[in-house]
Amino acid sequence: MKKHYMATHTWANKEARDKVLEMNSKMTEEDFFSALKTEKAETLQHWMGTDDFFFCHWYAESEEDIIDALDNVGFNDLIVTMPNEMK
């Protein structure tokens, strides 16, 4: 059963931030959400600016499924993620 999570993300380094922000600038919102959707996890909302931290609302079966969805697109090498289940 899927649950709601808020994930706090931070950049692995400044170069990672610049790379992701550049990639994100070329994507539509639909592209972003589609890229991070698997059978077990999907991003519902995100709040990404140019600060050191950003946040995403996930609907997932587990924290590990969020990490797996990020790994599928290579984000785990660029960001550090802390998902927290929201009751």
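Listed by first then second residue, pairs satisfying ring pair (Phe, Tyr, Trp, His ring centres under 6.0 Å) with a partner in residues 12-36 read Phe32-His46, Phe33-His46, not counting sequence neighbours. For residues 62-87, no residue pair satisfies the ring pair (Phe, Tyr, Trp, His ring centres under 6.0 Å) rule, not counting sequence neighbours.
Thr10 contributes a side-chain N or O that, together with a main-chain N or O of Asp52, makes up a donor-acceptor pair within less than 3.5 Å. No donor-acceptor distance shorter than 3.5 angstrom exists from the side chain of Trp58 to the backbone of Glu85, with no hydrogens or angles considered.
Distance CD/Glu22 to CZ/Arg17: 12.5 Å, rounded to 0.5 Å. Summarising the geometry, atom CD1 belonging to Ile66 is positioned 11.0 Å from atom CD belonging to Glu61; distances are rounded to the nearest 0.5 Å. Interatomic distance, Tyr59 OH to Glu42 CD, rounded to the nearest 0.5 Å: 8.0 Å. One distance of note links CG of Asn76 with CG of Leu70; it measures 5.5 Å at 0.5 Å rounding. The distance from atom NZ of Lys37 to atom CG of Asn72, rounded to the nearest 0.5 Å, is 14.5 Å.
Here the shortest heavy-atom pairing between His57 and Trp47 reads N-CZ3, 3.9 Å.
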Criterion side-chain contact (heavy atoms from CB on, under 4.5 Å) on Leu21 and Met48, from CA distance to verdict: CA-CA 9 Å; Leu21 291 177; Met48 184 187 302; 3.9 Å; yes
Pair His4-Leu44, side-chain contact (heavy atoms from CB on, under 4.5 Å): steps then yes or no: CA-CA 9 Å; His4 291 274; Leu44 300 178; 4.0 Å; yes
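Hydrophobic cluster membership is shared by Phe53 and Met86, with clusters built from Ile, Leu, Val, Met, Phe, Trp and Tyr side chains linked at under 4.5 angstrom. A continuous path of Ile, Leu, Val, Met, Phe, Trp and Tyr side chains, each step under 4.5 Å between heavy atoms, connects Tyr5 with Val73, placing both in one hydrophobic cluster. Linking Ile, Leu, Val, Met, Phe, Trp and Tyr residues whenever their side-chain heavy atoms come within less than 4.5 Å leaves Ile67 and Leu78 in two separate clusters. Follow the hydrophobic side-chain contacts under 4.5 Å out from Leu36 and you reach Met23 in the same cluster.
Checked for salt-bridge contact, Glu64 and Lys40 miss the test: no charged N lies under 4.0 Å from a carboxylate O. Using a 4.0 Å cut-off between charged nitrogen and carboxylate oxygen, Glu15 and Lys19 do not count as a salt-bridge pair.
Side-chain contact between Gln45 and Phe55 is absent, with no heavy-atom pair separated by less than 4.5 Å. No side-chain heavy atom of Thr38 sits under 4.5 Å from any side-chain heavy atom of Asp65.
In terms of the side chain to side chain contact (heavy atoms under 4.5 Å, CB included) criterion, residue partners of Asp31 (sequence neighbours excluded) are, by chain and number, Met27, Thr28.
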